[in-house]
Amino acid sequence: MKLNRRSFLATTAATTAVVGTPMILKAQPSEYVLGASLPLTGPFATAGQLVAPAFQLAAKLFNDEGGIAGTPIRFVTEDSGYVPQNALANYQRALATEGNAMIGYFADSTGAMKLIAPELKGENARIMGSTSFASELANPETHPYQYMSGPSYQSQFDILLENIAAEGGKSVAFIYSNTEFGRDPIEHGKATAERLGIEVVLEEATKPQGADIPTHVTKLAQSGAEYCILQGYVTGVWPQLIGGARQFGLPTKFKGTFWGMEKIIADRITKEAGPFLAGYEGVMPYRYFWDREDAPRYQQYAALSKEMFAGTPLENYMSTWAIQTMCGLEIAMKAFRDTAEAGLELTADNIAEKLTNISDWDTGGFFGGPVTMESNSIRTGRVYEYDTESGLFNPKSDWLTV
Amino acid sequence: MGQLTQFAINGLMSGAIYALIAVGIVSVYKATKVVNFAHGYLIMFGAYFYYTFAVIIPGQEWAPSWLASWEPVWLVEMKEGLPMFSPMGAVLDWVQNVPRIIFGIIGALIANAIVGRIIERTLMRPLMGQSIFAMIMVTVGLISIMSGAASIIWTADADFVPHIAPNAPVRFELFGSTIFLFGADLVNMLIALIIFGGIVLMVRYTKSGVAIRATAEDQSTAYSMGISVPKVFSRAWVLASTTGAIAGAILATRNGISPSLGLFGFSVLAIVLMGGLDSYIGVFLAAMAVGVMEAMTQWQLGGDWAEIVPYVAVLAVLLIRPHGLFGSKEVERI
């Protein structure tokens, strides 16, 4: 055979393909793994135990759809007790056990995200989502492998303050837990309020649990705030603060961020203590689960929930906390699948690049319309109001993007 | 001045709850020399028992309807037309809940006493005569057992319980300012003070109290004087459990039910150290002082300081008086 330039190139390409293919095949595991740390015990176990079933549902749904380019995905969840050090240990253990098969991780707190972030380097880097909306994490330059499945707390404050400004509000109080979670958006919120011409008349830090309600309510009354934004609470303190203010006879309008917007908690308060949450509003990045007429993805979840969780309360309702987790998993899956479809290896760098570039994505109804990742977060949300009669959070604004 | 009074009263109300929590730690320490690190979880059990008897059982189909909500005709008539969040409405709401509140408190007292007794008989008594350190470590282990058991029995679901007393607002003028208090908090404070006072009187003037004091002084001598030391141990644990049940029920009404209730015990440990591990009076004063300091710091400096300032005071006291304000100095014969 005569060797010319064309035949040389063809022979080289064929040899590379023959020699290289087994290497690629060898590199691709028989299944992919996504690890997770959840607070199944500890102070946020209420949320953790409601979120855990979402992983079962996701495994069934994603694998029925063909996994990632035909390769199934398995979820490995462990308890963290809401202790970041435990989440880090879980991450390291999953990495050692699963190796390259583990392509992503899901953490349960801002603390865990920050603690694991320095570990995400070179071979140990994995794409990572979480329950956190901490503003610091929405920065691809400092946290290239970590993402957020909604707007950061700062963006949520922006949405609420713009809503207050639109209602003609002139003064606001910020009451927050003295945790990283609580303090996150306060400085940013003050700047936004100033820009919008709203005076911040009170900044009040409280204990995250067991706060001294009479003292905080007294200070709120003294401040004369028209509005009060509550931040950094999950199941406690915020209901007691609102209840105290109502008994005090304060006309203050209360607003909350994502973690204070769960129907299960609002319903329980109403049942036990009466309708004092009437008029309570807050920002939610997602649709509620009952609002699924225009949300085909929610309809799939509902059908699967009926089948998988029959006889339990999860059969008919998915909590906002579980929806957030599902959204986080959907974003990760989109990035995994986009990477695989592009013929790229599922490395953290390749996945992160695809994730950063998610644009005009139709999530199937999580949000009001197609969304785009900006600074590894989705800056969209809507203000909802709780109705004590129906037990539903009803939309109070259009979908707002900040 | 009016504001100062407002925040001082708020602080005293918190301090009374701290004192009620602390009394269990002191009781066990006085009788057994064991610092019970699991006391917060004993309180958490008390809170869950109150929840069980005041919310879960009355909500069952087989439970009589009056237990869940007592609605005699006169009560329904009185409630009609009342504006939302009116003081009278709050009182009538409470009256409606009285049967389940009573059922809840009695149930919590009995169930928690049984738990305390079981802990003492199965974990503490077998270690009598062994190192105190071993017994303290058992209480540390107990934290995991009790938090795990609570998760299995009640799950980690957050929920809410009825107030022990009507939570009607109380308003009055003082020094030109309107003082505002929550009725339930005032009654909670009163309950805590009565229980605390009762225990102090019991320890000082009853035979059981003398036995506790004698055992605290020297177990061997108490034994030789005919005092049943195991019985004293047992009584101390039951006392800690029952006061813990009340403290748990009160905490649950203020914060709702959740596994995080167990953590309250740790913050109160510092107060107990400040007052003196074996002094009821010292612990009472320390609890009140910390409560007032927290409220004042919250008022003047904000929440970020409120958790620091009182504990700096605790440290300062311990540096000057290592055995606490009223704690007994340990004298060891060499």
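These numbers were taken from a predicted model, which means no experiment stands behind them. Residue numbers begin at 1 in each chain, while the letters A, B, ... track the order of the sequences.
Of the two parts of A:Tyr176, only the side chain, counted from C-beta on, holds a non-hydrogen atom closer than 4.5 Å to a non-hydrogen atom of chain B. Of the two parts of B:Phe7, only the side chain, counted from C-beta on, holds a non-hydrogen atom closer than 4.5 Å to a non-hydrogen atom of chain A. Of the atoms belonging to B:Leu263, it is side-chain heavy atoms, and not backbone ones, that fall under 4.5 Å from chain A. Looking at A:Ala47, neither its backbone nor its side chain comes within 4.5 Å of chain B, counting heavy atoms on both sides. Residue contact with chain A, scored on non-hydrogen atoms closer than 4.5 Å, is absent for B:Ser147. Proximity to chain B is limited to the side chain of A:Gln222, based on heavy atoms less than 4.5 angstrom apart. Contact of B:Asp185 with chain A is made through the side chain alone, with heavy-atom distances under 4.5 Å.
Between the side chain of B:Arg171 and the backbone N or O of A:Phe248, at least one donor-acceptor pair lies under 3.5 Å. Counting only distance, with no hydrogens or angles, the side chain of B:Gln298 and the backbone of A:Ala205 share a donor-acceptor pair below 3.5 Å. With hydrogens and angles disregarded, no donor-acceptor distance shorter than 3.5 Å links the side chain of A:Lys219 to the backbone of B:Gly302.
To the nearest 0.5 Å, atom OG1 of residue A:Thr215 and atom CE of residue B:Met13 are 7.5 Å apart. How far CG of A:Asp267 is from CZ of B:Phe160: 11.0 Å, rounded to the nearest 0.5 Å.
Counting heavy-atom pairs under 4.5 Å between each of A:Lys271, A:Glu204, A:Lys207 and chain B puts A:Lys207 at the top. The residue among A:Thr218, A:Thr41, A:Ile264 with the most heavy atom pairs within less than 4.5 Å of chain B is A:Thr218. When each of B:Asn167, B:Val55, B:Leu181, B:Leu261 is scored by its heavy-atom pairs under 4.5 Å with chain A, the top score falls to B:Asn167.
Taking a 6.0 Å sphere around CD of A:Glu315, one finds it holds more than 12 heavy atoms contributed by other residues, nucleotides or ligands. Summarising the local packing, CD of A:Glu389 is surrounded by 12 or fewer heavy atoms from other residues, nucleotides or ligands at distances under 6.0 Å.
With a 4.5 Å cut-off on side-chain heavy atoms, B:Thr155 and A:Gln49 count as touching. At a threshold of 4.5 Å between non-hydrogen side-chain atoms, the residues B:Phe180 and A:Pro214 do not count as touching.
Contacts between residues 38-52 of chain B and chain A, defined by a heavy-atom separation under 4.5 Å, are made by no residue at all.
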